[in-house]
Amino acid sequence: MTNAVVVGTGFIGPVHVEALRRIGVHVRGVLGSSPEKSQQAAQSMNLEVAYPNYQAIIDDPEVHAIHITTPNDTHLSMSKQALLAGKHVICEKPLAMNAAETAELVELAKAHPNLVGAVNYNKRFYPLVQHARDMVRSGEIGEVRLTRGGYLQDWLLYDTDWNWRLVPEQGGSTRAIGDIGTHWMDLVGFITGLQITELLADLHTFIPVRRKPKQALATFAGKEAAAAAEYDEIHINTEDVGAVLFHYSNGARGTMNVSQVTAGRKNFCNFEIVGSEATLAWDVENPNHLWIGRRDRPNEVLIKDPSLMSANARYYNSYPGGHTEGFDDSFKQLYRAVYDYIHAGNYSAPKPYPTFEDGHQEVILCDRIVESHQQRGWVRV
Ligand code: SOE
């Protein structure tokens, strides 16, 4: 039996715990930002071990896989310690703070070929995303010419909204791009298989000073809480929004918009992939519909239904047509891919999950995006 531990008890840690349990992976315990938080989380999720610190997980021989869901500045050291201790790693995105760190992790993963080094790009695992990929890769939409879309949210719209991601020392030098833009670039790259060769970026911070509550708040939790009575004013130097133009390896063009301050857009990640024969459009808030645009016949909407989908995409459906699958299911399907791979034990087989190499590519793109913005010009990737 493979035992997993989840590190982090904020918004996303419990999502990992729940998804692992749904596929029968034993979650041995959890680690929060303090021993008290570990205790509370272990109790509320009915887990046997509340770890006092990270070293206790590393030292526990019963732990085989570690899910890292803590702020980005912890990813390098935690992933490193885990691999060196012979444990599989499933790390939240972005994989680390900059390309030097992610390159180190790629090398370490290469030196431990019998361990999984996965990055949590869950959006790849929506059934219709898998189907869209199969359509594009089999030539059904012709040659890809354009990609368009982005990722819009509103949870950081007010100057009273606060989260650790606003602090570059914890989140990294990009915020909207690093946190949600990387999801979009990974998703579109996964579907099209195209490499970004050049880009031009424009980033902007609309809220240069924010009120940081004295009491820490989990991601998204601020929207439900009243504005803090006690706060510190903090100068913000990471972007609220970004727009990026891309050139791809085959000559295709792309545009991506990201924003954490777009009122009404909750978690709107969408793409339009335009081929020489047809267009595909999808969004994560309506993930059971794939729009297929045509010129020579009426457009179609494919409603998620395994009986109408590619063999590969069928594998990533758990339920028949009309039975929706969403956010939590995408985590479940990602972990199915990871743990089926571990249980099969053939580590030279192609990896069906986003790897440290994929995580590294995303962080390189973030670094280039910041560079392009600072230079006010196109940069090569
Ligand atoms: C916050 O922007 C966040 O939780 C991201 O970090 C996640 O990756 C995304 O799924 C939802 O929004």
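In each ligand, atom 1 is the first atom listed, and ligand 1 is the first ligand listed. Given the structure is predicted, the values throughout are model-derived calculations rather than measurements.
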> Can you tell me which residue pairs pass the salt bridge (Lys or Arg N to Asp or Glu O under 4.0 Å) test with a partner in residues 77-87, sequence neighbours excluded?
Lys80-Glu104

> May I ask you to list the atoms of ligand 1 that are less than 4.0 angstrom from any heavy atom of Ile180?
2 (O)

> Heavy-atom pairs closer than 4.0 Å: do any link ligand 1 to the side chain of Lys123, the backbone, both, or neither?
side chain

> What's the shortest distance from atom 6 (O) of ligand 1 to any protein heavy atom, and which residue and atom give it?
Asp179 OD1, 2.6 Å

> Hey, which atoms in ligand 1 end up nearer than 4.0 Å to a heavy atom of His183?
7 (C), 8 (O), 9 (C), 10 (O)

> Using a 4.0 Å cut-off to any heavy atom of Asn267, which atoms of ligand 1 qualify?
11 (C), 12 (O)

> Under 4.0 Å, heavy-atom basis, I'd like to know which part of Gln153 is in contact with ligand 1: side chain, backbone, both or neither.
side chain

> Could you tell me whether Tyr151 approaches ligand 1 through its side chain, its backbone, both or neither, with non-hydrogen atoms closer than 4.0 Å?
side chain

> Using a 4.0 Å heavy-atom cut-off, which part of Ile12 comes near ligand 1: side chain, backbone, both, or neither?
neither

> Nearest 0.5 angstrom please: Ile236 CD1 to Arg210 CZ, how far?
6.0 Å

> Indicate yes or no: does Arg211 engage Asp161 in a salt bridge with an N to O separation below 4.0 Å.
no

> Over 60° means perpendicular and under 30° means parallel, so tell me whether Phe331 and His16 are parallel, tilted or perpendicular.
perpendicular

> Any salt bridge between Arg28 and Glu62, counting N to O under 4.0 Å?
no

> Can you find an N or O of Lys93 that's nearer than 3.5 Å to an N or O of ligand 1?
yes

> Purely on distance, is any nitrogen or oxygen of Arg165 under 3.5 Å from one on ligand 1?
yes

> Hey, can you tell me if Phe220 and Trp155 have their rings parallel, tilted or perpendicular (30° and 60° cut-offs)?
tilted

> Taking Lys123 as the fixed residue, which of Leu334, Leu187, Val188, Val129 is the one that meets the side-chain contact (heavy atoms from CB on, under 4.5 Å) rule?
Leu187

> Nearest 0.5 Å please: distance from the CD1 atom of Ile364 over to the CD atom of Glu371.
11.5 Å

> Heavy-atom contacts with Phe11 under 4.0 Å: which atoms of ligand 1 show up? List them by number with element.
4 (O)

